[in-house]
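Report on one structure; see the data block that follows.
Order of the sequence lines fixes the chain letters, A, B, ..., with proteins taken first and strands second; residue numbering starts at 1 for each chain.
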Amino acid sequence: MLDIQLLRHDLAAVASRLALRGFTLDIEKFAQLEAGRKQIQTRTQELQARRNATSKQIGAAKAKGEDTAAIMAEVATLGDELKQLENKLEQVQHELNAFLSVIPNTPHASVPHGKSEADNVEMRKVGTPPKLDFEVKDHVSIGEGLGGLDFETAAKISGARFSLLKGPLARLHRALAQFMLDMHTEQHGYTETYVPYLVNADSMRGTGQLPKFEEDLFRVPRVMGEEGEINFYLIPTAEVPVTNMVRDEIVPLEKLPLKFVAHTPCFRSEAGSYGRDTRGMIRQHQFDKVELVQIIHPEKSYEGLEELLGHAEVILQKLGLPYRVVKLCTGDMGFSAAMTYDIEVWLPAQNTYREISSCSNFEAFQARRMQARFRNAQGKPELLHTLNGSGLAVGRTLVAILENYQQADGSVVVPEVLRSYMGGMEIIKAS
RNA sequence: GGAGAGGUGGCAGAGUGGUCGAAUGUACCUGACUCGAAAUCAGGCGUAGGUGUAUGCCUACCGUGGGUUCGAAUCCCACCCUCUCCGCCA
C-alpha cells in the first residue's frame, strides 16, 4: 500500500514512477474519489459534532431535572441524514481502499527501467559452469534413472505439478534444507522459526498477495458463517507468516533488525502458467523453500538487502553451484517490491541460468498494510521496512545439484558440505 | 465436543447508559531540587483522519461486525481470540 498522503500531495510524481513499471494510475478516478470523500467526510463530521453537542446538553438538562423534549425533538431530525452520510462515507472509503490496495509499490530510483525479463541487468556471474564431456541429461532423467524421482506416482496421488522423492534423493532434499537452516542460523544471525502453513486473509493482505492475486493461492474454506465464509489460505511462501509476525506490532527500536529464517513448504496454484515448465520439478504446486526475512529500520533497509542477498549467495558458493545475480527492471518486479535481485543458478540441461532465489526490499509497502511499526528516537510510532529472500528454493537447488554434479554413468556426486547430512554418502548411484 | 471466565492506552488495571478518549499505578519525556544521580515535587505523555495562517477546533477508535438509544467502553445479537476445567486426540 502506498502512502495516501503521498498521492494527495504529489499525485503526478507517483503516477510517473508507477508508469515505469507499466502501471497506469487512474489519476482522475483518484481525484474523484478523494473529492467525494472530502465532501462527505466534512459534512458527516459536522453533523456528528452537532449531535454530540446536543446530546451533551440533554444529559446536562436531565441532570438538573429540566424538560428535554424540545432539544430531543431537534436532534432527532439529524438522525436520518447522518445515517445516510455515514453509510456513504463508509462506501467511499471502501472504494478508496480498494483502489489503493491494487496499486503496486513504486520502484526505487536506482532500479533499471524496462518492460520485461529481457531488460533485467546482470550484476555478476559467480562460478564456472561445469564442462561435461558426455551427453548431458536433465534432472528428470537423472532422478528417474537413480530411482529416486517419480512423477507418475505423484500424479496418481495428486495430479500434475507434484513430485515424489525416494531414498537418497529424498534425503538429499532434507539435507539441503538442514544445511541452509544451519548456515543462516549459525553463520548469518537469523532466528529459526516454525510457522503456520495455513494463514488468514489479513495476513495475505498484509504482505500483498490479497486482494489482487487470489487466483495464485490455494484457498481452504473454514467456516460458512452468516457474514459469509471465512477462509484459510495455504502459504505461497514463508514470507507471509514470518513477515506477519510483526503485523499490528510496535517493535522496540533496540530490537531491530529482526532476522528470521523458516523452512516451509510453499503452495502455488500456478494459474496462468499453463504449458510453462511442465517437465520436471521446476514449477510445482508444492515445493520447499528456506526463506530469509528481515524487519528493519527504514534507513538500513538497502544495506540489509545487500546483506541478505549475500546470505543467499553463500549457500550456492558452498554448494559449488555456478550462478549469476540480476537486478530486476521496473517492469519485471513483483507487486510489493521496491527493488529486487534474483539469483539464477546454472542448469546444464537447459544451458541457461534459472531463478533460484528472489531477494526484495518492500520498504514500507507491506509494513503500511500490516501496521508494523517501531518507536523512533522521538518515541513516535513509525513504519518499518521489510525484506525477504529465498535462501534458497530447496527443490530447485536439488535440480541444480543433480544436473551440475551428474556423472557420465548417471550417478551424482554429493557436494562436500552436504555429506555430513547424508551419513557420509559421497555419490548417489542407481539402487 | 461440554462447562466457565475474560478481551480497555507501552504494560498493569478501574470503569455497567450522559462533560469517559477514558480514573489510578507503572514506564517514558520536560522542569524544579542536587556537584551529579536516586528519591521527592510540578507538568506533559495514545492512534488515525478532517479542517484552519495559527494557539487550535472537530471526528472516529475500549477484540470484530451489526443492533437499541437523543446519547454506548457500559445494554442486546453474532462472530473472532485468550485463559481454566472435563472429554477426545498426533
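Among the atoms of the strands shown, only primed sugar atoms or phosphate atoms (P, OP1, OP2) are found under 4.0 Å from some heavy atom of A/Q5. Counting any heavy atom pair closer than 4.0 Å across all strands shown, A/P252 reaches no nucleic acid atom. No engagement by A/Q93 is indicated, since no non-hydrogen atom pair under 4.0 Å with the nucleic acid exists.
In this structure, B/A22 makes no Watson-Crick or G-U wobble pair, since no nucleotide meets both defining distances under 3.5 angstrom. The nucleotide B/U68 finds no pairing partner, because no Watson-Crick or G-U wobble arrangement with both distances shorter than 3.5 Å includes it. B/A42 is paired with B/U30 under the criterion used here, namely a Watson-Crick or G-U wobble arrangement in which both key atom distances are under 3.5 Å. B/G6 is paired with B/C81 under the Watson-Crick or G-U wobble criterion, all donor-acceptor distances under 3.5 Å.
A/E249 places its CD atom 9 Å from the P atom of B/C11, with the value rounded to the nearest Å. Spacing between atom CD of A/Q57 and atom P of B/U19 amounts to 14 Å, rounded to whole angstrom units. Rounding to whole angstrom units, CZ of residue A/R247 and P of B/U47 are separated by 21 Å. If you measure from atom CZ of A/R373 to atom P of B/U47, you get 8 Å, rounded to the nearest angstrom.
The side chain of A/K62 contributes no N or O atom lying less than 4.0 Å from OP1 or OP2 of B/G71. The phosphate of B/G46 (OP1 or OP2) has no side-chain N or O of A/R375 nearer than 4.0 angstrom. One finds a side-chain N or O of A/R37 lying less than 4.0 angstrom from the OP1 or OP2 phosphate oxygen of B/G50. Note on A/K380: every side-chain N or O is 4.0 Å or more away from OP1 and OP2 of B/C45. A close approach under 4.0 Å does occur between a side-chain nitrogen or oxygen of A/N52 and OP1 or OP2 of B/U59. Distances shown here put a side-chain N or O of A/R8 below 4.0 Å from the OP1 or OP2 atom of B/G50.
A donor-acceptor pair shorter than 3.5 Å cannot be found between the side chains of A/S273 and A/R283. A donor and an acceptor atom, one from each side chain of A/E86 and A/Q48, are located under 3.5 Å apart. Side-chain polar atoms of A/Q209 and A/E214 form no donor-acceptor pair below 3.5 angstrom. Using modelled atom types, one finds a donor on one side chain and an acceptor on the other under 3.5 Å when comparing A/Y190 with A/H311.
The base of B/G49 is not paired with the side chain of A/Q41 by any donor and acceptor separated by under 3.5 Å.
Comparing A/Q45 and A/E90, the nucleotide of RNA chain B nearest to each residue sits closer to the 5' end for A/Q45.
Across B/C58, B/A60, B/C70, the shortest atom-to-atom separation from the side chain of A/A49 is found for B/C58. Across B/U19, B/A48, B/G66, the shortest atom-to-atom separation from the side chain of A/K56 is found for B/U19.
Between A/F213 and A/F335, the ring centre distance stays below 6.0 Å.
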